[in-house]
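All ligand and atom numbering here is 1-based and tracks the order in the structure.
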Amino acid sequence: MNASINRQVLLVEKPAGKLGSEHFRMTNGVVPEPKDGEALLRVRYISLDAANRAWMHGATYRSAVEANTVMAGGGIAEVIASKDPSLKPGDIVFGDTGWQDYAAVPARQLSKMPKLEPMTHLLSVFGVAGLTAYFGLLDIGKPKAGETVVVSAAAGSVGSIVGQIAKIKGCRVVGIAGGKDKCGWLTSELGFDAAVDYKDGAVFKALRAAAPDGIDVYFDNVGGDILEACLPQMNNYGRIACCGAVSQYDGAPSATGPRGVPGLIVVKRLIMQGFIVMDFYRRRDQALADLQAWVKSGKLKVEEDVIEGLENTPRALIGLLAGENRGKRMIKV
Ligand code: NAP
């Protein structure tokens, strides 16, 4: 890395259909000067998130990403200069650094992180992915021992942690993922009781076989057809934790969506609730204590997919949306 050049990945056009490498361009910018209240950061790892694609559709829980700006994205970074008393050089922080080598970011938008090794865990199990799995499953899904928990995008960063926490809580766990390899990994390595390969077709039937007693908690990462297949198989008083809808992100959202939702919710007395992980941050310390203990004891395995080089960020996101990743995908800058 040349210390006077700030390599940046720009989103040059918002995609109308599928995201492609033509929507991005690399450029050399200048290393910014931090203003009062800001810190100058050297970005170490950039998080690749399915939501990066959803931000291109418009404002969500954050503002939309715009064309001809540095692509937004969360990252772990080292403070190299600070004009805010809360941060000093050498501190490690998490924040929206964007896809670039250096960023000047207001200190109040940064979270100071502990110095732990490997640092990558700050983006995976001890970062947004782990906290999303923890709060989404335990606070929204409220699983009880002996119940059946189903999770989609199960081999991804959030899903792989959800399934393992559900096992720790004594549940029967079924993962839904794309491809035989991922499904085999869920059952042989992560301890899931069964896995359904949705790319094999006939998801409804395969799910019935994998969850013969019905579903008590469905942790929904994907929406669309898979949500439609799960709904009729929910048990009375079941809970659906709506975490995301990755099947709808890359391209125009489907006009159909799950059918028969309101009737099923009434008859089965279901609770279906969306959540955003930030809403739970005041209880982050308790979650991190549990996650750290489970990782230390070997009950929770951490899977990371680290790709080297800022220049590979666009293809890494495109690949994540196509299901290339197992566990938490990130870029080592
Ligand atoms: P991820 O699960 O690591 O990767 C995305 C996975 O989605 C891919 O590996 C792919 O796996 C699967 N996928 C892609 N297209 C699909 C389709 N059409 N149908 C079914 N599966 C598909 O990514 P992530 O960033 O951790 O995101 C997972 C979910 O969590 C997303 O919905 C995201 O928006 C959500 N999330 C929510 C919050 C919150 O606060 N609510 C916070 C973080 C993340 P396959 O090979 O299995 O297809």
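Taking only non-hydrogen atoms, the option from L320, T60, T132 nearest to atom 43 (C) of ligand 1 is T132. Looking at A153, S157, A51 and measuring to atom 26 (O) of ligand 1, the nearest heavy atom belongs to S157. Distances from atom 21 (N) of ligand 1 to the heavy atoms of Y61, Y198, F135 put Y198 nearest. Checking N325, D197, D305, L317 against atom 4 (O) of ligand 1, the nearest heavy atom belongs to N325. The heavy atom nearest to atom 13 (N) of ligand 1, considering only D181, L131, V246, is found in V246.
In this structure, R53 pairs ionically with D250, as a charged nitrogen and a carboxylate oxygen lie closer than 4.0 Å. D213 and R172 are not joined by a salt bridge, as no carboxylate oxygen comes within less than 4.0 angstrom of a charged side-chain nitrogen. Salt bridge annotation for R239-E147: present, with a cationic side-chain nitrogen under 4.0 angstrom from a carboxylate oxygen. Ion pairing between a basic and an acidic side chain is recognised when a charged N comes within 4.0 Å of a carboxylate O; E304 and R329 show no such pairing. In this structure, E303 does not pair ionically with K328, as no charged nitrogen and carboxylate oxygen lie closer than 4.0 Å.
In the vicinity of S247, heavy-atom distances shorter than 4.0 Å reach the ligand 1 atoms 17 (C), 18 (N), 19 (N). Listed by number with element, the atoms of ligand 1 under 4.0 Å from a non-hydrogen atom of G323 are 8 (C), 9 (O), 10 (C), 11 (O), 46 (O). Applying the 4.0 Å criterion to heavy atoms of A177 picks out, from ligand 1, the atoms 47 (O). Close contacts between ligand 1 and V222 involve ligand atoms 20 (C), 21 (N) [criterion: under 4.0 Å to a heavy atom]. The atoms of ligand 1 that sit less than 4.0 Å from any heavy atom of L321 are 14 (C), 15 (N). When each atom of ligand 1 is checked for a heavy atom of D49 under 4.0 Å away, the hits are 25 (O). Residue N221 has at least one heavy-atom neighbour below 4.0 Å for each of these atoms of ligand 1: 29 (C), 30 (O), 31 (C), 32 (O). Interface of V277 with ligand 1, defined as ligand atoms under 4.0 Å from a residue heavy atom, comprises 39 (C), 40 (O).
Proximity of C243 to ligand 1 is established by a heavy-atom distance of less than 4.0 Å. At least one heavy atom of A245 sits less than 4.0 Å from an atom of ligand 1. Contact annotation: Y249 has at least one heavy atom less than 4.0 Å from an atom of ligand 1.
Crowding of K169 atom NZ: a count of heavy atoms from other residues, nucleotides or ligands under 6.0 Å not exceeding 12. N312 CG: more than 12 foreign heavy atoms inside a 6.0 Å radius. Heavy atoms from other residues, nucleotides or ligands lying under 6.0 Å from CD of E33 number 12 at most.
No cation-pi contact links R283 to F280, judged by a cut-off of 6.0 Å to the six-membered ring centre and 45° from its axis.
Among the atoms of A50, some N or O lies under 3.5 angstrom from an N or O of ligand 1.
Among protein heavy atoms, atom 2 (O) of ligand 1 sits closest to G156 CA, 3.4 Å. With respect to atom 44 (C) of ligand 1, the closest heavy atom belonging to the protein is V158 CG2, 4.0 Å. For atom 41 (N) of ligand 1, the closest non-hydrogen atom of the protein is F275 O, 2.8 Å.
Under the side-chain contact (heavy atoms from CB on, under 4.5 Å) test applied with T132, the options N221, I276, L137, V277 reduce to a single match, V277.
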Side chain to side chain donor-acceptor pair (under 3.5 Å) evaluation trace for D49 with S47
CA-CA 6 Å; D49 296 284; S47 175; 2.7 Å; yes

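Using cut-offs of 30° and 60° on the angle between ring planes, the pair F24 and W99 is parallel.
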